[in-house]
S.K.: 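Here it is: the structure, laid out below.
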Number of protein chains: 2
Amino acid sequence: MQKESTTTPELMLENQLCFTIYACSREFTKLYQPHLDKIGLTYSQYLVMLVLWERQQCTVKELGEALFLDSGTLTPLLKRLQAAGLILRERSLQDERKVLISLTPQGLALRHDAMGIPGKMAEGTMLSPVEFIDLLGQFKNLLNRVHEANVSNSKS
Amino acid sequence: MQKESTTTPELMLENQLCFTIYACSREFTKLYQPHLDKIGLTYSQYLVMLVLWERQQCTVKELGEALFLDSGTLTPLLKRLQAAGLILRERSLQDERKVLISLTPQGLALRHDAMGIPGKMAEGTMLSPVEFIDLLGQFKNLLNRVHEANVSNSKS
DNA sequence: TTAAATTTAGTTGTGTACAATACAATTTGA
DNA sequence: TCAAATTGTATTGTACACAACTAAATTTAA
């Protein structure tokens, strides 16, 4: 006795790993939103700030490599962060193709306002530290595999 | 001897579960793209078609519930699928607030062209069936938790 | 050296995402 | 029963994502 279906199991939404990840990503963004609203950042802008809080200064290319984003996404986003007074954008004197991104004092200061956010997220998902580490490891492994597959696709 | 850092571990990009998921989601979309290009669909449109191949007909609201998307996203996407001749959009006669989405013969036929895609994705990620099932279960569990957190946020 | 190839950002165009709002159809409650 | 609340979809505005392309600066190789 089979369940009536007009499609094959491989094409069913509930069996799609990619859809689960895609939906999960958007639900996470929603979970961040009220906290990011308080400090005036979008989720993507928050990720850029995380990189800058670690590195003080980097190029657009380095940001793109860290975040898996290209210049078509980053350029307008960085202009908005500049307009908000959080970052500086200046051409490198050594190599004028490069644009150096750095924090303003306000951008640096915003880190203190952001420090509570990871804790709030952990609360929201109710993951134990062990579960968190375990999931993070599995996702990173999967990310590496899919990224490698894309890299080898783009080479051929 | 501590590693020099200007930020706290909680705010480091490599420790963000959400970022790993977000990047993973976009890398998966890239992995689909060459295959979806062949059948003329975007990734989001492919997800809508998956639902319709299962259900034949549903309302915009039901699509949104299945995909975690709202009408602001679905309405223009559905108009493009209609323009491509893959679906029909018609007001319900019983309740004129509802818009019924159904497949055209071309939309139904496209399923045959899509059937090879899940296999190509499995190849790309090089996951064994056991790994696949295991990951899918874990991510579904996480999706449920985050979704529940958002639902209870929106109620308060 | 100097023309060709490469690197790095920026621009343009298409397609999502989603909050906020609008509006018409339906349901509910005094 | 009929005004108020709810429901379902569409519209508007902002902000990504990314492919394809442009342009300028740098590197390379003959």
S.K.: From C/dT7, C/dA17, C/dT11, pick the nucleotide closest to the side chain of A/Arg97?
M.R.: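 That would be C/dT7.
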
S.K.: Could you list all the ring-ring contact (aromatic ring centres under 6.0 Å, His included) pairs where at least one residue sits in residues 97-149 of chain B, not counting sequence neighbours?
M.R.: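 As it turns out, the ring-ring contact (aromatic ring centres under 6.0 Å, His included) pairs with a partner in residues 97-149 of chain B, which skip direct neighbours, are A/Phe139-B/Phe139, B/Phe68-B/His147.
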
S.K.: Applying a 4.0 Å non-hydrogen cut-off, can you work out what A/Asp70 is touching in the nucleic acid: base, sugar-phosphate, or nothing?
M.R.: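 Base, at least one base atom sits under 4.0 Å.
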
S.K.: Return each pair, listed once, that meets ring-ring contact (aromatic ring centres under 6.0 Å, His included) where at least one residue sits in residues 19-40 of chain A; pairs must be two or more places apart or across chains.
M.R.: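 Every ring-ring contact (aromatic ring centres under 6.0 Å, His included) pair that includes a residue of residues 19-40 of chain A, provided the two are not neighbours, is A/Tyr22-B/Tyr43, A/Tyr32-A/Tyr43, A/Tyr32-A/Tyr46.
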
S.K.: With DNA chain D as reference, determine whether A/Arg80 or B/Lys98 sits nearer its 5' end, using the nearest nucleotide of each.
M.R.: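 First, find each residue's nearest nucleotide; the 5'-ward one identifies B/Lys98.
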
S.K.: Using a heavy-atom cut-off of 4.0 Å to chain A, what are the terminal contacting nucleotides of DNA chain D, in 5' to 3' order?
M.R.: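 That gives a stretch of D/dA15 to D/dT26.
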
S.K.: Please classify the nucleic acid contact of A/Gln94 as base, sugar-phosphate, or nothing, using heavy-atom distances under 4.0 Å.
M.R.: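 Sugar-phosphate, backbone atoms only, no base.
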
S.K.: To the nearest angstrom, how far is A/Glu27 atom CD from C/dA17 atom C1'?
M.R.: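 Between C1' of C/dA17 and CD of A/Glu27: 12 Å.
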
S.K.: Could you check whether any side-chain heavy atom of A/Arg89 comes within less than 4.5 Å of a side-chain heavy atom of A/Val60, counting everything from C-beta outward?
M.R.: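 No. Closest side-chain heavy atoms not under 4.5 Å.
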
S.K.: Is B/Leu86 reachable from B/Leu100 through a run of I, L, V, M, F, W or Y residues, each pair having side-chain heavy atoms under 4.5 Å apart?
M.R.: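 No, it is not one cluster - the side chains of B/Leu100 and B/Leu86 are not joined through contacts under 4.5 Å.
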
S.K.: Strictly below 4.0 Å, heavy-atom distances to any atom of DNA chain D: list the hits from residues 41-51 of chain B, or just say none.
M.R.: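 Of all residues in residues 41-51 of chain B, none places a heavy atom under 4.0 Å from DNA chain D.
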
S.K.: What does A/Leu74 touch in the nucleic acid at a heavy-atom separation under 4.0 angstrom: a base, only the sugar-phosphate, or nothing?
M.R.: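 Nothing, no nucleic acid heavy atom in range.
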
S.K.: Could you walk me through whether A/Arg145 and A/Glu148 pass the salt bridge (Lys or Arg N to Asp or Glu O under 4.0 Å) check?
M.R.: CA-CA 5 Å; A/Arg145 287 190 193 210; A/Glu148 275 311 306; over 6 Å; no

S.K.: Between A/Thr73 and A/Gln33, which is nearer to the 5' end of DNA chain C once each is assigned its nearest nucleotide?
M.R.: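 With A/Gln33 and A/Thr73 compared, the 5'-side residue is A/Thr73.
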
S.K.: Would you sort out whether B/Val51 and B/Val48 count as a side chain to side chain contact (heavy atoms under 4.5 Å, CB included), showing the intermediate values?
M.R.: CA-CA 5 Å; B/Val51 176; B/Val48 167; 5.9 Å; no

S.K.: Check whether B/Met126 and A/Val146 end up in the same hydrophobic cluster, where Ile, Leu, Val, Met, Phe, Trp and Tyr are linked by side-chain heavy atoms less than 4.5 Å apart.
M.R.: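 In one cluster: no.
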
S.K.: If I take atom CD in residue A/Gln82 and atom P in nucleotide C/dA9, what distance separates them, rounded to the nearest angstrom?
M.R.: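 Atom-to-atom, A/Gln82 to C/dA9, this comes out as 15 Å.
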
S.K.: Between A/Cys58 and A/Leu63, which heavy-atom pair has the shortest distance, and what is it?
M.R.: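 Heavy atoms only, the tightest pair is SG-CG, 3.6 Å.
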
S.K.: Map A/Glu96 and A/Leu77 onto DNA chain D by nearest heavy atom, then report which one ends up closer to the 5' terminus.
M.R.: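 The residue mapped nearer the 5' terminus is A/Leu77.
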
S.K.: Would you kindly give the CG-to-C1' distance between B/Leu93 and C/dA24, to the nearest whole Å?
M.R.: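 Those two atoms, CG and C1', are 16 Å apart.
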
S.K.: For B/Thr59, which contact category applies under a 4.0 Å heavy-atom criterion: base, sugar-phosphate, or nothing?
M.R.: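 Sugar-phosphate only.
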
S.K.: C/dT16 P sits how many Å from B/Tyr32 OH, rounded?
M.R.: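 B/Tyr32 atom OH is separated from C/dT16 atom P by 16 Å.
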
S.K.: A side-chain contact here means heavy atoms from C-beta on lying under 4.5 Å apart; do B/Leu88 and B/Ile101 qualify?
M.R.: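 When only atoms from C-beta onward are counted, B/Ile101 and B/Leu88 do not touch, as no gap falls below 4.5 Å.
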
S.K.: On the nucleotide C/dT11, are OP1 or OP2 found under 4.0 Å from the side-chain N or O atoms that A/Lys79 carries?
M.R.: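 So the side chain of A/Lys79 is within the cut-off, an N or O lying under 4.0 Å from OP1 or OP2 of C/dT11.
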
S.K.: Under a single-linkage definition using a 4.5 Å side-chain heavy-atom cutoff for Ile, Leu, Val, Met, Phe, Trp and Tyr, are B/Leu17 and B/Leu136 assigned to the same hydrophobic cluster?
M.R.: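 Yes: a chain of side-chain contacts under 4.5 Å links B/Leu17 to B/Leu136.
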
S.K.: Could you tell me whether the phosphate oxygens of C/dG10, OP1 or OP2, come under 4.0 Å of any side-chain nitrogen or oxygen in A/Thr75?
M.R.: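 Yes, A/Thr75 has a side-chain N/O under 4.0 Å of OP1/OP2 on C/dG10.
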
S.K.: Please figure out whether A/Lys61 or A/Arg26 has its closest DNA chain C nucleotide nearer the 5' end.
M.R.: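 Closest to the 5' end, via its nearest nucleotide, is A/Lys61.
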
S.K.: Which angle, rounded to 10°, do you find between the first-five-pair axis and the last-five-pair axis of the helix from C/dT1-D/dA30 to C/dA30-D/dT1?
M.R.: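 Its terminal axes enclose an angle near 10°.
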
S.K.: According to a 4.5 Å side-chain heavy-atom criterion applied to Ile, Leu, Val, Met, Phe, Trp and Tyr, with indirect links allowed, do A/Leu108 and B/Leu13 form part of one hydrophobic cluster?
M.R.: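 Yes.
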
S.K.: Just to verify, what does A/Thr42 make a side chain to side chain contact (heavy atoms under 4.5 Å, CB included) with, not counting sequence neighbours?
M.R.: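 Residues passing side chain to side chain contact (heavy atoms under 4.5 Å, CB included) with A/Thr42: A/Ser44, A/Gln45.
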
